[in-house]
Number of protein chains: 2
Amino acid sequence: MTKSSAAAGRSPRLSRERIVAAVVDLLETGGVDAVTTRTVGVALQVHPTALYRHFRDMDDLIREAADHILEGVTDGVPEDNDPLETLSLVCLRLRAALMSHPGAAGGVASGPSRKLHERVLTERMLELLSSAGLGEEDVVLGYHALVEYTVGSAVIDAPGRDTEQDEESRHRAWRADYLTAPPDEFPVTLRLASLLYPSKDDQFRYGLRVLVDGLRDKVAS
Amino acid sequence: MTKSSAAAGRSPRLSRERIVAAVVDLLETGGVDAVTTRTVGVALQVHPTALYRHFRDMDDLIREAADHILEGVTDGVPEDNDPLETLSLVCLRLRAALMSHPGAAGGVASGPSRKLHERVLTERMLELLSSAGLGEEDVVLGYHALVEYTVGSAVIDAPGRDTEQDEESRHRAWRADYLTAPPDEFPVTLRLASLLYPSKDDQFRYGLRVLVDGLRDKVAS
DNA sequence: ACCTGAACACCGTTCAAGT
DNA sequence: ACCTGAACACCGTTCAAGT
């Protein structure tokens, strides 16, 4: 009745699903190095090495968890008349999912898992680019550009292990630091120092807009 | 005569420069996790903990090495009539520097070091954007967008620890994998599968072009 | 002042052993 | 079949000790 035909032993305490759920949880609450064999062990009240019955190695587990985080990214995104605007919203949702789970960005950055939720996201993005009227070449290259920008900047922007200082005060310190540069060697930096390091979300939105608008220009050809 | 006024003991075997040089070397030949306290120890014929006299911790050392890799990125870049084309070349040079030193990308991705070579690169990029005729806001946001795209995609594209398979055969396997998807759920993916995963450099160049061209459109405003 | 040696608290992973 | 226990080969880092 459990899953195997010969349901002999007591029911297993672990499963891929339960392990993934625990990892997603650790990815959400803790920082990047919050998920280790030991931490998932205590989270599931189980020996650190128990997960090796269900996953080949830590990398396998992280990638599965990363894919799980991609679930629902395309759901409920309001449909705009312009497919590229919808796509822009999808990218923002993708970023939000990655940012709310520090360390997950590194997981998807390590290469395409070609697992379910990633496939769904890929299909949706390709479809939106295609229905915008882009040629096949531009659809594929545009897809890659948006993914690399969104995932790549999430890797950069995701909160690391130093959550002590908040983003704004850190940025303020950086700007102040630039003001100490020698004026004859760094004139432009000095002139613009006060504008450097706007909020990371504003940075991301700007680049996303440039990319999306640039892709729209390719439709005419 | 050495450096301190009281030059008593024998001259030190180590220095920040020598350690950084060794790390840059390891970053170039080996993969991402090729640089550890132990590996720099054997490279310099020195005890693994010796570097703690010269650097606060491993992070400090990696960031210094990452900055060293940025040296000369802006040197000898041919000056185009259009500053944004020169900027495009600078980004390509930055990518080349990061790609040829796997792991260095992670170093600069961990946040701005505000060290010398990074400052030089920042100044040059801001200057090129400024001389292109962009407003101050666009200069700063354009700078951030280009850096996040270039560094972020380098983190994604940099060769990891699995150098067994070459890029092209891995991409071929991925494309083949997409062809096994159920046709009714992934029609666009199936139609475009053969076009997916062009060379990483081509991917990067495409997105870079879209970004640069998009920034040029902002000049008119 | 600069480096070594020993030690500590971690990692991921393997494999024999228990149930 | 599934999990535990012990063990191995690694990490980064601290600190007392040598010279």
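Note on naming: letters A, B, ... go to the chains in the order of the sequence lines (proteins, then strands), and numbering restarts at 1 for each one.
Between A/Ala50 and A/Arg38, the residue whose closest nucleotide on DNA chain D is further toward the 5' end is A/Ala50. Of the residues near DNA chain C, A/His47 and A/Asp33, the one whose nearest nucleotide (by heavy atom distance) lies more toward the 5' end is A/Asp33.
A straight line from CD1 of B/Ile19 to C1' of C/dC3 spans 11 Å, rounded to a whole angstrom. Rounding to whole angstrom units, CG of residue A/Asp60 and C1' of C/dG12 are separated by 14 Å. Across the protein-nucleic acid pair, B/Leu51 atom CG and C/dC3 atom P stand 10 Å apart, rounded to whole Å. Taking atom CZ of B/Arg16 as the reference point, atom C1' of C/dA1 lies 16 Å away to the nearest angstrom. Between the CZ atom of B/Phe55 and the C1' atom of C/dC3 there is a distance of 16 Å, rounded to whole Å. Atom CD1 in B/Ile62 sits roughly 13 Å away from atom P in D/dC11 (whole-Å rounding).
Between A/Glu136 and B/Arg191 a salt bridge is recorded (basic side-chain N to carboxylate O distance below 4.0 Å). For the pair A/Arg172 and A/Glu168, the salt-bridge criterion is met [side-chain N within less than 4.0 Å of a carboxylate O]. The pair B/Glu127-B/Arg124 meets the salt-bridge criterion, with a side-chain N (NZ, NE, NH1 or NH2) lying under 4.0 Å from an Asp/Glu carboxylate O.
Comparing C/dC2, C/dT4, C/dT14 against the side chain of B/Arg53 picks out C/dC2 as the nearest. Here the side chain of A/Tyr52 is nearest to one of C/dG5, C/dT14, D/dC3, namely C/dT14. If you check D/dC3, C/dT13, D/dC11 against the side chain of A/Arg13, the one that comes closest is D/dC3. Checked against D/dT13, C/dT14, C/dC3, the side chain of B/His54 finds its nearest nucleotide in C/dC3. Closest approach to the B/Pro12 side chain among C/dC11, C/dC3, D/dG5 is made by C/dC3 (side chain taken as heavy atoms from C-beta onward). Residue A/Met58 places its side chain closer to C/dT13 than to any other of C/dT13, D/dT13, C/dC2.
At a cut-off of 3.5 angstrom, counting only N and O atoms as typed in the model, there is a donor on one side and an acceptor on the other between the side-chain of A/Thr49 and the base of D/dG5.
Nucleic acid contact class of A/Asp57 (heavy atoms, under 4.0 Å, all strands): sugar-phosphate only.
For DNA chain D, if you chain together Watson-Crick or G-U pairs that step i with j, i+1 with j-1 and so on, the runs of at least three with distances under 3.5 Å are C:4-8 with D:12-16, C:12-16 with D:4-8.
Within 6.0 Å of atom CD in B/Glu28, more than 12 heavy atoms from other residues, nucleotides or ligands are found, so the atom counts as buried in its surroundings.
The backbone N or O of B/Gly72 sits less than 3.5 Å from a side-chain atom of B/Arg93, completing a donor-acceptor pair.
Aromatic ring pairs are classed by plane angle as parallel below 30°, tilted from 30° to 60° and perpendicular above 60°; the pair A/Tyr178 and A/Tyr197 is parallel.
Aromatic rings from B/Phe204 and A/His144 are positioned such that their centres are separated by 6.0 Å or more.
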